[in-house]
There are 2 protein chains.
Amino acid sequence: MDAGLGGLPPAASPGDACRTRVVLDIVGDKWSLLVVRNLRHGPRRFTELKRAVEGISQRMLTVTLRSLERNGIVTRTVHDVMPPHVSYELTEMGVTLREATAPLLEWSLAHLARIDDARAAYDARTASSPVSSPVS
Amino acid sequence: MDAGLGGLPPAASPGDACRTRVVLDIVGDKWSLLVVRNLRHGPRRFTELKRAVEGISQRMLTVTLRSLERNGIVTRTVHDVMPPHVSYELTEMGVTLREATAPLLEWSLAHLARIDDARAAYDARTASSPVSSPVS
DNA sequence: CTGTATCCAGGGGGATACTG
DNA sequence: CAGTATCCCCCTGGATACAG
């Protein structure tokens, strides 16, 4: 990790920052992680996901699933019956991604309250600098 | 984990998805993770960060740092000397966030090639559906 | 050096209507 | 059911200029 060169200057290798981009391009959007998370218990159908990921629009669910499929995170299986039936499932790689993001979710759950505190404290502090009205 | 209620229906608790949002609101943007990462070895000054996080503009660095500060991820320390000197440092919570995101970065490094493969394969597959010209 | 203010382009993403 | 197509708003984020 980090090639731990303690004595060296700050920069680290530029390529590393570049690679971090790859993750963000996949999961750094508004919905991908939520979809991945909702696939953790096995295959789900389009409408099931639409209901599970509250607030997502049909369009964004399609876009997100296409992106995840293109990146090899989920598979799309069409059962050609009537009515149409399409199921999505995490690939092997998708499962590992889901596992890699788990600590982040746990972190979120563990620090929610503290984050709220920090926000309140910050807002209270900056309220004394009335750049504009603190209302609204 | 997931409160492992194996036999229950898919939905999980809606609140969980809601909480996932909190993480994404903090790190799901274009720069936050890169800034956090560049603070892993201790305090950094504004200009140091600007150089380290290649491609970031002054504005976005300021915006990102303010957000991280508000969320209790970094501290901002002003040394009132001439010339001005401001240093940023991960809070205790910031350090744990950085640790929580480490698996994600490792995942990225480990799966980069595989992701490229998946993309190439997908693009090859969809090339047979010529909605528009595959060129450019 | 460390910002803030302003302008502006691009795209993310919502609402709606239509299709196989 | 599972999308696609279209319209359009607004926010992100870059460039530039200015300030303490």
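Just so you know, these numbers come straight off a predicted model, no measurement behind them. Residue numbering restarts at 1 for every chain, and letters A, B, ... go by the order of the sequence lines.
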Query raised in the report: Is there a path from Val81(A) to Val78(A) through hydrophobic residues (I, L, V, M, F, W, Y) whose side chains come within less than 4.5 Å of each other?
Result: no
What integer distance in Å separates [X]:[atom1] from [N]:[atom2]?
X	N	atom1	atom2	value
Glu48(A)	dG3(D)	CD	P	13 Å
Arg59(A)	dG13(C)	CZ	C1'	6 Å
Lys30(B)	dG13(D)	NZ	P	6 Å
Leu61(A)	dG12(C)	CG	C1'	16 Å
Arg44(A)	dC1(D)	CZ	C1'	17 Å
Asp25(B)	dG13(C)	CG	P	12 Å
Leu24(A)	dT12(D)	CG	C1'	15 Å
Ile56(A)	dG12(C)	CD1	C1'	13 Å

Report task. Indicate the atoms forming the closest heavy-atom contact of Leu24(B) with Lys30(A), along with that distance. Result ->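 It is CD1-O, 4.0 Å.
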Query raised in the report: Taking all atoms of both residues into account, what is the closest heavy-atom pair of Leu33(B) and Thr101(B), and its distance?
Result: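 Nearest heavy atoms, Leu33(B) then Thr101(B): CD2-CG2, 3.5 Å.
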Query raised in the report: Under the side chain to side chain contact (heavy atoms under 4.5 Å, CB included) test, which residues partner Arg66(A), sequence neighbours left out?
Result: Thr62(A), Glu69(A), Arg76(A), Tyr88(A), Tyr122(B)
side-chain N/O [X] vs [N] OP1/OP2, d < 4.0 Å:
X	N	answer
Tyr88(B)	dG3(C)	yes
Lys50(B)	dG3(C)	no
Arg45(A)	dA2(D)	yes

Nearest to the side chain of [X] - [options]?
X	options	result
Ser57(B)	dG13(C), dC1(C), dG14(D)	dG14(D)
Gln58(A)	dG14(C), dG3(C), dT4(D)	dT4(D)
Val86(A)	dC1(C), dA2(D), dA15(D)	dA2(D)

Requested in this report: Please examine the side chains of Ile73(A) and Val36(A), heavy atoms only from C-beta on, and report whether any two atoms are closer than 4.5 Å.
Outcome: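 The answer is yes, as the side chains (C-beta and beyond) meet within the 4.5 Å cut-off.
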Query - Any side-chain heavy-atom pair of Val74(A) and Glu89(A) under 4.5 Å - result: no
Query raised in the report: Can you check whether Arg45(A)'s main-chain N or O pairs, donor with acceptor, with Ser87(A)'s side chain at less than 3.5 Å?
Result: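 A pair under 3.5 Å: no.
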Report summary line: Within residues 65-79 of chain B, the residues having a heavy atom closer than 4.0 Å to DNA chain C are Arg66(B), Arg76(B)
Query raised in the report: So which one's nearest nucleotide on DNA chain C is more toward 5', Trp31(A) or His85(B)?
Result: His85(B)
